Amino acid sequence: MCGRTACTLAPDEVSRACLYRDRRGRRRQPRWRDGDQEKYRPSYNKSPQSMSPVLVSQRHFDERAPADECVLASMRWGLIPSWFKENDPSKMQYSTSNCRSENILQKKSYKDPLLKGQRCVILADGFYEWQKREKDKQPFFIYFPQTKTPDQDPNKLLHILVVQVGEAPAEWTGWKLLTMAGLFDRWTPPDGGEALYSYSVITVSACPNLQSIHNRMPAVLDGEEEVRRWLDFGEVKSSDALSLLQSKNILTFHPVSSVVNNSRNNYPECLQPLDLNSKKETRPTASSKMMMTWLSSGSPSKSKEAGVSERKKDGKEKKKRESSALQQWLQKKARTK
């Protein structure tokens, strides 16, 4: 683990969703690294070797930038070490999609990036994990509890998202992205060509409420301060950063359909809650209700560049909703296959 994630927000939404504070406590909205916004594609079902959004210190790309200045980048899931000698990254003989926290300093592939300060934060709606059963495996979707209650007026919400007060970006009121600690490296093909940035998700022992599903989980960074400390390699030494890699009992989850088992399946059903007794839609949790309300009633238009289909809204009339809050969110975010 972790071997599958979901990240369904459009590029501009990802940027707004990961506001951070610099060393001086100022709220900042990260921009996308040049060209990387086009490389990212939202997905309900991301697997290793796909491109995912990560938050990283801008100094890794510009030595003149402050180490606490963050930028968004698209990186390949599955770390390719800088010293890899093949021209084709798919020829890696072992998996680097995950890195056990206990082995970071024992394996060159991870020790070198760590000592160079090449720490990143992988962003996702959540991740999938499979619980072993007698005859099969049951997938679950695992994510941060959603607690913010958005304004119900779509026009007012859009105004809040667009307008800035002074220099401070407006607060994000949508889905709280999961922030996972990772390491990245920069690899250039021996025969020349464009450099490839890739990452590995750091894992720790599972927290108590996830142990029944799997014995490992991503090293989750809880809150802006932990994210800042993990990324700010100029102020926080590697030895101190490692103390952030803890098993945290702060995630929630729900069972989902086995449709997610095939990584080629990329549609809303991957995330839909499932009643394990009837194999039908389950009742939404308080967490999913509060968060999904934002996306179902006040979400701004999704970016066409991200491949997310836009659905025209009638601002004067709303259809009566009979499905669960989570279903409403999935339907609003459905994109063309």
Side-chain angles (χ1 to χ4, degrees), residues 5 7 9-40 42 51-77 79 99 113-125 144 161-162 164-186 195-202 218-238 240-245 303 306:
T5 65
C7 192
L9 297 185
D12 60 314
E13 293 176 315
V14 173
S15 178
R16 296 201 303 271
C18 53
L19 296 176
Y20 68 95
R21 293 184 186 277
D22 59 19
R23 293 176 189 171
R24 298 172 60 184
R26 297 175 301 181
R27 292 187 66 79
R28 307 285 294 276
Q29 180 176 320
R31 64 174 181 79
W32 281 89
R33 179 171 172 262
D34 293 343
D36 277 19
Q37 181 170 328
E38 289 70 31
K39 296 178 182 178
Y40 161 65
M51 303 297 285
S52 297
V54 304
L55 200 58
V56 67
S57 170
Q58 170 67 0
R59 184 178 288 182
H60 292 299
F61 307 110
D62 180 0
E63 61 182 14
R64 299 167 299 178
D68 64 333
E69 180 181 340
C70 295
V71 65
L72 281 166
S74 287
M75 294 190 185
R76 177 187 184 274
W77 188 0
L79 186 145
C99 165
L114 176 68
L115 297 182
K116 293 177 183 177
Q118 292 171 186
R119 311 193 297 254
C120 64
V121 174
I122 299 96
L123 305 166
D125 294 0
F144 270 144
L161 291 173
V162 174
Q164 296 182 353
V165 180
E167 296 182 356
E171 182 180 3
W172 171 250
T173 57
W175 182 278
K176 181 182 179 182
L177 288 176
L178 190 63
T179 45
M180 301 175 284
L183 296 173
F184 77 92
D185 210 345
R186 180 182 185 275
L196 174 67
Y197 286 87
S198 58
Y199 70 88
S200 179
V201 177
I202 300 174
V220 175
L221 298 169
D222 184 22
E224 293 181 2
E225 180 59 17
E226 287 198 4
V227 168
R228 186 194 70 79
R229 288 179 59 78
W230 180 254
L231 294 180
D232 191 354
F233 68 97
E235 179 182 72
V236 183
K237 296 180 180 179
S238 298
D240 295 327
L242 291 177
S243 65
L244 296 171
L245 306 179
S303 170

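Everything quoted here is computed from the prediction, not taken from an experiment. Atoms considered below: every heavy atom in the structure, side chains included; atoms not considered: hydrogens, waters and symmetry mates.
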Euclidean distance, Phe144 CZ relative to Asp222 CG, rounded to 0.5 Å:
5.0 Å
Ring pair (Phe, Tyr, Trp, His ring centres under 6.0 Å) with Tyr20: which residues, sequence neighbours excluded?
none
Return yes if some donor-acceptor pair links the side-chain N/O of Ser200 with the main-chain N/O of Leu79 below 3.5 Å, else return no.
no
Let me see the working for Phe61 and Val56 under side chain to side chain contact (heavy atoms under 4.5 Å, CB included), right down to the final yes or no.
CA-CA 10 Å; Phe61 307 110; Val56 67; 3.5 Å; yes
What's the shortest heavy-atom distance between Phe233 and Ala67, and which atoms?
CE2-CB, 4.4 Å
Ion pair check, Glu226 and Arg229, cut-off under 4.0 Å:
no
How about Ile202 and Met180: do any of their side-chain heavy atoms sit closer than 4.5 Å?
no
Donor-acceptor pair, side chain of Ser57 and main chain of Leu231, under 3.5 angstrom:
no
Is there a donor-acceptor contact under 3.5 Å from the side chain of Ser15 to the main chain of Pro30?
yes
Taking every non-hydrogen atom, the tightest pair across Trp32 and Pro53
CH2-CB, 3.8 Å
Checking Asp36 side chain against Ser74 main chain: does a donor-acceptor pair fall under 3.5 Å?
yes
Does any non-hydrogen side-chain atom of Arg31 lie less than 4.5 Å from one of Gln58?
yes
Rounded distance [0.5 Å steps], CG in Asp68 versus CZ in Arg26:
7.5 Å
Please identify which of these residues, Ile122, Val121, Leu183, meets the side chain to side chain contact (heavy atoms under 4.5 Å, CB included) condition with Tyr199.
Ile122
Out of curiosity, Met51 CE to Met75 CE, how far, rounded to the nearest 0.5 Å?
8.5 Å
Which heavy atom of Arg16 sits nearest to which heavy atom of Leu19, and what is that distance?
O-CG, 3.5 Å
Under the criterion side chain to side chain contact (heavy atoms under 4.5 Å, CB included), I'd like the reasoning laid out for Asp125 against Leu178: C-alpha separation, chi angles, the key distance, then a yes or no.
CA-CA 6 Å; Asp125 294 0; Leu178 190 63; over 6 Å; no
Calculate, to the nearest 0.5 Å, the distance between atoms CH2 and CG belonging to Trp230 and Leu242 respectively.
6.0 Å
Are Asp185 and Gln118 close enough that some pair of their side-chain heavy atoms sits under 4.5 Å apart?
yes
In the structure I gave you, are the side-chain heavy atoms of Leu123 and Leu72 within less than 4.5 Å of one another anywhere?
yes
Would you give the length of the straight line joining atom OH of Tyr197 to atom SG of Cys120, rounded to the nearest 0.5 angstrom?
12.5 Å
Considering non-hydrogen atoms only, spot the tightest contact between Ala10 and Pro42 and give its length.
CA-CG, 4.3 Å
Validation row: Arg23, Arg228 side chains within 4.5 angstrom (heavy atoms)
yes
In terms of side-chain geometry, is the basic nitrogen of Arg27 or Glu224 positioned less than 4.0 Å from the acidic oxygen of its partner?
yes
Between Gln29 and Trp172, is there a side-chain heavy-atom distance shorter than 4.5 Å?
no
Can a donor-acceptor pair be found, under 3.5 Å and without considering hydrogens, that links the side chain of Asp232 to the backbone of Val236?
no
Test side chain to side chain contact (heavy atoms under 4.5 Å, CB included), reference Phe184, set Arg76, Lys116, His60, Arg119, output is His60
